[in-house]
Amino acid sequence: MLLKGLEKAGSFMGSTEDYHGASLVILGAPLDLTVSFRPGTRFAPSHIRQVSVALEEYSPVLERDLADYAYYDAGDIVLPPGRLQESLGRIGATVSAIVSDGKFPLLLGGEHLVTLPVVETLLRYYPDLVVIHLDAHADLRDEYLSEPLSHATVMRRVAELIGGCNVFQFGIRSGTREEFVFGRATTHFFPGEILQPLTQVCAQLKGRSIYLTLDIDVLDPAYAPGTGTPEPGGCTPREIFQALYLLADCRVVGMDLVEVCPAYDPTERTSLLAAKLVREAILCFGVGK
Ligand code: MN
Ligand code: MN
């Protein structure tokens, strides 16, 4: 299917120009409308692409090389400023085009609300879908300042869509009392922990279709300061890479990496970390040539 409504300025390192031959598609979703503190995530996809060239294409941990993988960078979805519903619709439609072509969508946010239209879309193709959510924040509010659609409510909406029993949340260390009560009662909720519970969950989810949503603020602000709502007390990059490697043995059908905010990232360490996560994700979830 022809992808429409995209603009392209730069590409992720090593990506092919051949959409049809690619098994994985990188897609920028620069939604930046509902953040609660510091905006600027709309600039993340282009920054992540820009710094990606600083990395090697070879992963010594995985012993795999991007040169052996065919992945396409579709550029960024053009989102109409201020029109939330239309923006979510465009994200869903673009992901639908990619998935109906049998390709793995790897989205670069944007804010965390981009996950909602992606899950809505993937659910049509994968009725057994479960969502693995790595984040500092529970994102389980029912509304944020009377708004039901927000980066602070996104996992609540996802839980309504696919059922709380199909939502697995790791690393959470921030939220309201109500969110923590709701999470403990409704989702598979692992506050503050990642690798130990994820190891068990991965074993349980063999064969299920998994969507991975990775909010960069799950990492400690020491490693990822470039984000809108930094939360002290987070994990290290090694733990997140290890989480990806665990998921490499599962049936992951799509992924997003959200909430990178380049304006608060003067050393570019957050974008660089994001780019390396994208590289490892391609090597974990892509298909070798
Ligand atoms: Mn989030
Ligand atoms: Mn967060």
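All residue numbers in this chain count up from 1 along the given sequence.
- Counting only distance, with no hydrogens or angles, the side chain of Asp220 and the backbone of Gly233 share a donor-acceptor pair below 3.5 Å.
- Using modelled atom types, one finds no donor on one side chain facing an acceptor on the other under 3.5 Å when comparing Thr34 with Glu147.
- Atom CG of Leu149 sits about 6.5 Å away from atom CG of Leu88, to the nearest 0.5 Å.
- Residue pairs meeting the ring-ring contact (aromatic ring centres under 6.0 Å, His included) criterion with at least one partner in residues 14-53, sequence neighbours excluded, are Tyr19-Tyr72.
- Arg238 and Thr236 form no side-chain donor-acceptor contact under 3.5 Å, judged by distance and modelled atom types alone.
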**Report entry** Stepwise side chain to side chain contact (heavy atoms under 4.5 Å, CB included) check, Thr187 with Asn166
**Finding:** CA-CA 7 Å; Thr187 72; Asn166 294 315; over 6 Å; no
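- The CD1 atom of Ile172 sits 11.0 Å away from atom CZ of Arg184, with the distance rounded to the nearest 0.5 Å.
- The heavy-atom pair separating Asp65 from Leu283 by the smallest distance is C-CD2, 3.7 Å.
- Using modelled atom types, one finds no donor on one side chain facing an acceptor on the other under 3.5 Å when comparing Ser15 with Asp73.
- Classified by interplanar angle (parallel below 30°, tilted 30° to 60°, perpendicular above 60°), the ring pair Phe168/His188 is parallel.
- Distance alone, capped at 3.5 Å, places no donor-acceptor pair between the Arg157 side chain and the Leu140 backbone.
- Shortest non-hydrogen contact noted between Ala44 and Gly109 is CB-O, 3.3 Å.
- Not one N or O on the side chain of Lys276 forms a donor-acceptor pair closer than 3.5 Å with the backbone of Ser271.
- Note: the hydrophobic cluster containing Ile210 does not contain Ile98 (ILVMFWY, side chain heavy atoms under 4.5 Å, direct or indirect links).
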Anything under 3.5 Å between a donor and an acceptor, one on a side chain of residues 193-203, the other on a protein residue two or more places apart or in another chain? List them.
from: Thr199; atom 1: OG1; to: Leu195; atom 2: O; distance (Å): 2.6

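- Judged by distance alone, with hydrogens and angles left aside, the side-chain atoms of Asp265 form a donor-acceptor pair with the main-chain N or O of Thr270 at under 3.5 Å.
- Side-chain contact between Arg208 and Leu205 is present, with at least one heavy-atom pair separated by less than 4.5 Å.
- The shortest distance between side-chain heavy atoms of Met13 and Leu66 falls below 4.5 Å.
- Taking both residues in full, the closest heavy atoms of Leu116 and Val154 are given as N-CG2, 4.0 Å, listed atom of the first, atom of the second, then distance.
- For the atom pair CG of Leu134 and SG of Cys235, the computed distance is 8.0 Å after rounding to the nearest 0.5 Å.
- Applying the ring-ring contact (aromatic ring centres under 6.0 Å, His included) test to Tyr245 and every residue at least two apart in sequence or in another chain returns nothing.
- Only one option out of Ile162, Leu212, Leu161 pairs with Val131 in a side chain to side chain contact (heavy atoms under 4.5 Å, CB included); it is Ile162.
- A side chain to side chain donor-acceptor pair (under 3.5 Å) check over residues 55-64, counting only residues at least two apart or in different chains, returns the pairs Ser59-Glu280.
- Phe190 pairs by the ring-ring contact (aromatic ring centres under 6.0 Å, His included) definition with Phe170, not counting sequence neighbours.
- Legend: residues meeting ring-ring contact (aromatic ring centres under 6.0 Å, His included) with Tyr126, ordered by chain and number and at least two apart, are absent.
- To the nearest 0.5 angstrom, Thr229 atom OG1 is 10.5 Å from Glu111 atom CD.
- Shortest non-hydrogen contact noted between Leu6 and Gly75 is CD2-O, 4.3 Å.
- By the 4.5 Å heavy-atom criterion applied to side chains, Arg269 and Tyr223 are not counted as neighbours.
- Within the 4.5 Å cutoff, the side chain of Tyr211 has no heavy atoms near those of the Ile132 side chain.
- Within the structure, ring-ring contact (aromatic ring centres under 6.0 Å, His included) contacts touching residues 133-164 (residues at least two apart or in different chains) are His112-His133.
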Pair up each side-chain donor or acceptor in residues 23-33 with any protein partner under 3.5 Å, not counting sequence neighbours, and list the distances.
from: Ser23; atom 1: OG; to: Val287; atom 2: N; distance (Å): 3.4
from: Asp32; atom 1: OD1; to: Gly40; atom 2: N; distance (Å): 3.3
from: Asp32; atom 1: OD1; to: Thr41; atom 2: OG1; distance (Å): 3.1
from: Asp32; atom 1: OD2; to: Gly40; atom 2: N; distance (Å): 3.0
from: Asp32; atom 1: OD2; to: Thr41; atom 2: N; distance (Å): 3.4
from: Asp32; atom 1: OD2; to: Arg42; atom 2: N; distance (Å): 3.4
from: Asp32; atom 1: OD2; to: Arg42; atom 2: NE; distance (Å): 3.0

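- Checking side-chain atoms of Lys103 against main-chain N and O of Ala22 turns up a donor-acceptor pair under 3.5 Å.
- Pairs of residues two or more places apart, or lying in two chains, that qualify as salt bridge (charged side-chain N to carboxylate O under 4.0 Å, His left out) and include a residue from residues 75-85 are Arg49-Asp76, Arg83-Glu86.
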Requested in this report: Output, in order, the C-alpha distance, side-chain angles, deciding distance and verdict of side chain to side chain contact (heavy atoms under 4.5 Å, CB included) for Val167 and Met155.
Outcome: CA-CA 8 Å; Val167 175; Met155 294 314 294; 3.9 Å; yes
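- A distance of 3.5 Å separates CG of Asp215 from CG of Asp217, quoted to the nearest 0.5 Å.
- Listed by first then second residue, pairs satisfying ring-ring contact (aromatic ring centres under 6.0 Å, His included) with a partner in residues 75-105 read Phe104-Phe285, not counting sequence neighbours.
- Under the 4.5 Å side-chain heavy-atom criterion for ILVMFWY residues, a single connected hydrophobic cluster contains both Phe241 and Ile216.
- Applying the side-chain contact (heavy atoms from CB on, under 4.5 Å) criterion to Thr121, with sequence neighbours excluded, gives Val95, Ser96, Arg124, Tyr125.
- Residues Arg141 and Glu179 are paired through a salt bridge, judged by an N-O separation under 4.0 Å between the basic side chain and the carboxylate.
- Atom NZ of Lys8 has more than 12 heavy atoms from other residues, nucleotides or ligands within 6.0 Å.
- In this structure, Arg173 contributes its side chain and Pro232 its backbone to a donor-acceptor pair below 3.5 Å.
- Note that CG of Leu244 and CG of Leu214 are 6.5 Å apart. Values are rounded to the nearest 0.5 Å.
- Formation of a donor-acceptor pair under 3.5 Å by the Arg90 side chain with backbone atoms of Val78 is found in this model.
- Although no hydrogens or angles enter the test, the distance criterion places a donor-acceptor pair under 3.5 Å between the side chain of Thr227 and the main chain of Glu259.
- Note on Leu55 and Tyr69: same hydrophobic cluster, where clusters join Ile, Leu, Val, Met, Phe, Trp and Tyr whose side-chain heavy atoms are under 4.5 Å apart, directly or indirectly.
- Legend: residues meeting side chain to side chain donor-acceptor pair (under 3.5 Å) with Asp128, ordered by chain and number and at least two apart, are Ser209.
- Under a 3.5 Å cut-off, the side chain of Asp18 and the backbone N or O of Gly21 do form a donor-acceptor pair.
- Between Leu62 and Cys284, the closest side-chain pair of non-hydrogen atoms falls below 4.5 Å.
- Proximity of Phe189 to Phe182: side-chain heavy atoms (C-beta onward) are nowhere separated by under 4.5 Å.
- Listed here is the closest heavy atom pair of Arg251 and Gly207: NE-O, 3.6 Å.
- Val119 is not connected to Leu106 by any chain of hydrophobic side-chain contacts under 4.5 Å among Ile, Leu, Val, Met, Phe, Trp and Tyr, and they are in different clusters.
- Linking ILVMFWY side-chain heavy atoms closer than 4.5 Å, directly or via other members, places Leu107 and Leu277 in two distinct hydrophobic clusters.
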